[in-house]
There are 2 protein chains.
Amino acid sequence: MKNKEITIYDIAKALDISPATVSRGLRDHPAINRKTKKKIMDIAKEMGYRSNTFASSLRLKRTNTIGVIVHRLDSYFVAMVLAGMEKVASESGYNLIISQSLESMAKEVANANTMFNSRVDGLMVSLAYDTEDVSHFDPFITKGIPLLFFDRVYKHKNCPTVVIDNFKSAYEITTHLIKQGCKRIAHVTGDLKRNVYADRFEGYKKALEDNGLVYSDELLIINYLNEHIGHNVDAAQQLLNMNPRPDGVFITNDAFAAYCMRELRLAGVAVPQDIAVAGFNNDPISELVDPNLTTINYPSYEMGEVAAKTLINHLKGESNMLLTDSIVLKSELIIRESSLKKGLL
Amino acid sequence: MKNKEITIYDIAKALDISPATVSRGLRDHPAINRKTKKKIMDIAKEMGYRSNTFASSLRLKRTNTIGVIVHRLDSYFVAMVLAGMEKVASESGYNLIISQSLESMAKEVANANTMFNSRVDGLMVSLAYDTEDVSHFDPFITKGIPLLFFDRVYKHKNCPTVVIDNFKSAYEITTHLIKQGCKRIAHVTGDLKRNVYADRFEGYKKALEDNGLVYSDELLIINYLNEHIGHNVDAAQQLLNMNPRPDGVFITNDAFAAYCMRELRLAGVAVPQDIAVAGFNNDPISELVDPNLTTINYPSYEMGEVAAKTLINHLKGESNMLLTDSIVLKSELIIRESSLKKGLL
DNA sequence: CTGTTAGCGCGTTCAG
DNA sequence: CTGAACGCGCTAACAG
């Protein structure tokens with residue numbers, strides 16, 4: 001039934017040459033006669049030969065596979081990053097093994113182990129919501145397997161990171177809210193253990209400070225920012241319960257912000273008149289809700305491309321030097337209706 | 001620097017037993033003494049042993065890896081399906097190799113070949129937009145590698161499929177529009193080569209027919225349905241140009257429908273009063289736009305789970321019989337404001 | 001330009 | 001219950 005897998009030996013026998021020659025011919029080795037090569041290629045196709053990756057991997061001690069660990073697959077941002085990575089990886093002949101931590105450190109640890117055992121040639125990671133330490137990645141460092149963090153990064157020794165300037169972005173968007181006349185701006189964000197949220201929080205506070213506004217902890221709402229579970233209702237409720245009620249809010253996730261806007265509206269609050277709203281990511285949803293959401297354009301697809309390129313360059317030995325580099329991609333403020341208390345520009 | 005990879009031989013030497021025993025011990029073989037097993041496990045951990053997947057794969061002729069080919073990663077629907085697949089796969093000890101066809105048959109063929117050469121144990125596919133024939137999957141059939149189609153399927157011999165009842169869903173949502181008083185309902189959908197679009201088209205037509213409405217080709221708009229490129233403007237324009245203008249439209253993608261609604265509004269058309277709109281998928285966006293979008297709930301996460309379970313069961317030999325089965329998941333109409341010409345229920 | 005040889009690490013007969 | 005020996009398919013010396 002399942003016809004036998006054919007090997008270089010079968011080809012060698014058929015052509016009455018040595019397996020080594022076949023191996024070389026198949027891999028387009030320069031030191032092989034054109035004609036021999038052609039013969040090998042032809043008969044290989046004819047016989048339905050396919051190279052055996054394991055045998056090759058076993059020999060070469062590499063897999064041409066890159067691992068990716070993300071927090072969730074069902075997020076626009078993540079999907080875009082992966083799309084970028086997949087493009088670059090496949091262009092360079094690498095496969096991607098993707099797994100999701102589901103925002104849990106325990107699962108992230110398990111994923112890391114699986115990746116390690118799968119002997120990926122390199123690993124790209126965006127940390128889970130609650131990851132406390134990153135010792136589960138130590139085996140990679142120890143074994144010299146390139147490890148790269150993106151988005152939710154950790155300054156691990158010898159690990160490149162790909163990020164945006166979260167501080168600056170938050171500073172800009174908060175400043176924008178202030179210029180629109182907001183005096184009391186709340187901040188809805190994720191766990192401050194994650195750089196992305198911590199940096200944005202700092203940028204937000206700095207903007208307040210630079211503009212003579214006072215920050216107090218009651219303005220801060222920490223939330224899972226997961227649009228699929230209904231935390232959004234909680235967050236919106238917290239906003240509404242603040243006393244005095246804020247006149248602006250900076251929410252570090254567009255989809256979540258969109259849900260919050262809906263709750264606010266249901267509670268009779270006008271956006272942006274009563275509360276101006278700003279999001280983060282430039283998720284397509286930001287353009288589709290009414291009012292359109294002011295946000296930060298996060299170059300997610302590009303981040304995937306850059307991360308993959310960086311890792312692959314390193315794998316190919318084309319750049320051993322940029323190991324500890326931090327690559328910062330350009331993000332930018334996008335002003336839309338949800339924050340325009342003063343009307344259109 | 002990179003400390004040497006340790007093997008069963010190293011463990012064997014350290015314990016002064018044979019590699020065979022170590023191999024068995026590690027795999028919890030019944031015919032090995034408890035104590036020996038324990039010793040092996042302990043020292044393996046201590047020495048930082050990790051099993052070599054290739055050597056094992058080379059020997060066993062399987063990879064514990066499942067391939068997935070999707071049209072795009074950057075789609076809510078796809079992300080949800082993958083999330084479901086990843087969960088099931090990782091629970092069963094399988095890795096997922098994911099690649100995207102970017103809606104191009106050429107890329108899909110390349111992806112299929114890569115998967116084939118990577119020797120995935122099974123493959124799950126949702127076809128690209130323009131795939132004409134599926135002969136690029138023949139090698140899998142020939143070699144007896146389980147192949148499964150989901151969503152955008154093809155009735156290939158011996159391939160299970162996982163789908164929803166697209167005909168019925170379309171019939172229901174169209175009927176709903178008609179009940180709301182729509183007399184002239186347009187249909188925006190994808191390439192009719194794909195079952196999902198063809199079936200929905202048929203369901204739509206049947207609903208018209210059953211309710212005494214006439215279908216004509218000018219009501220049909222074929223579009224890539226890709227929200228990231230701007231085809232939406234074209235589609236909306238075509239809707240507006242129809243003469244007489246339709247009073248309802250069934251668009252087979254929520255995100256795309258949301259974009260179209262925006263264009264319609266910009267053109268001064270009221271939804272649902274002038275044109276009632278219905279989408280498809282129950283993308284979160286459908287709840288966030290104003291008016292909320294009437295849609296069909298597509299159990300995407302569940303589809304991922306079911307597809308992966310089906311394939312894995314088959315791989316484990318627990319069910320050779322369901323090969324040609326077609327699994328139909330339950331979808332359901334969700335009525336929201338965008339179609340309620342008659343006001344709230 | 002081509003062939004010979006050897007070994008990557010594991011699992012599995014077959015013998016004890 | 002354990003060990004010896006072989007081979008999965010490929011590639012990299014080393015020789016010619």
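Per chain, numbering begins at 1; letters A, B, ... match sequence-line order. Since the structure is predicted, the reported quantities are computational estimates derived from the model, not experimental observations.
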TODO: Please test A/Tyr301 against A/Val81 for side-chain contact (heavy atoms from CB on, under 4.5 Å), starting from the C-alpha separation and ending with a verdict.
DONE: CA-CA 5 Å; A/Tyr301 187 86; A/Val81 172; over 6 Å; no

Task: Salt bridge present between A/Lys309 and A/Glu91 (N-O < 4.0 angstrom) - done: no

Task: Short side-chain N/O contact to C/dT2 OP1/OP2 from A/Thr36, under 4.0 Å - done: yes

TODO: Grab the CG-P distance between A/Asp16 and C/dG3 for me, whole Å please.
DONE: 8 Å

TODO: Take the protein atom CG of B/Asn52 and the nucleotide atom C1' of C/dG7, then report the distance between them rounded to whole Å.
DONE: 13 Å

Open item on the list: Under a 4.0 Å threshold between the charged nitrogen and the carboxylate oxygen, would B/Lys39 count as salt-bridged to B/Glu46?
Closed with: no

Task: Nearest to side-chain heavy atoms of B/Ala31, which nucleotide of D/dT2, D/dG3, D/dC14 - done: D/dT2

TODO: For B/Lys61 and C/dT12, give me the distance from atom NZ to atom P, rounded to whole Å.
DONE: 12 Å

Open item on the list: Of the options D/dG3, C/dG3, D/dC1, whose atoms approach the side-chain atoms of B/Ala20 most closely?
Closed with: D/dG3

Open item on the list: I need the B/Phe137 CZ to B/Leu147 CG distance, nearest 0.5 Å.
Closed with: 6.5 Å

- [ ] Hey, which sits more toward the 5' end of DNA chain C by its nearest nucleotide, A/Pro30 or A/Pro19?
- [x] A/Pro30

Open item on the list: With a cut-off of less than 4.0 Å, is there a side-chain N or O of B/Ser57 near OP1 or OP2 of D/dC8?
Closed with: no

Task: Rounded distance in Å - CG (B/Asn117) to C1' (D/dC10) - done: 15 Å

Task: Donor/acceptor link under 3.5 angstrom from A/Arg24 side chain onto base of C/dG3 - done: yes

- [ ] May I have the distance from B/Arg59 (atom CZ) to D/dC8 (atom C1'), rounded to whole angstrom?
- [x] 6 Å

Task: Ion pair check, A/Glu5 and B/Lys61, cut-off under 4.0 Å - done: no

TODO: Please report, rounded to the nearest Å, how far the P atom of D/dA4 is from the CD1 atom of B/Ile8.
DONE: 13 Å

TODO: Please state how far atom CD1 in A/Ile17 lies from atom C1' in C/dC1, giving the value in whole angstrom units.
DONE: 12 Å

Task: Candidates D/dC10, D/dG9, C/dT4 - which lies nearest the side chain of A/Ser18 - done: C/dT4

Open item on the list: Can you identify which nucleotide, out of D/dG3, D/dA12, C/dA6, has its nearest atom closest to the A/Tyr9 side chain?
Closed with: C/dA6

Task: Euclidean distance, atom CZ of residue A/Phe54 to atom C1' of D/dC10 [Å, nearest integer] - done: 12 Å

TODO: Give B/Ser23 one of three labels, base, sugar-phosphate or nothing, depending on what nucleic acid heavy atoms sit under 4.0 Å from its own.
DONE: base

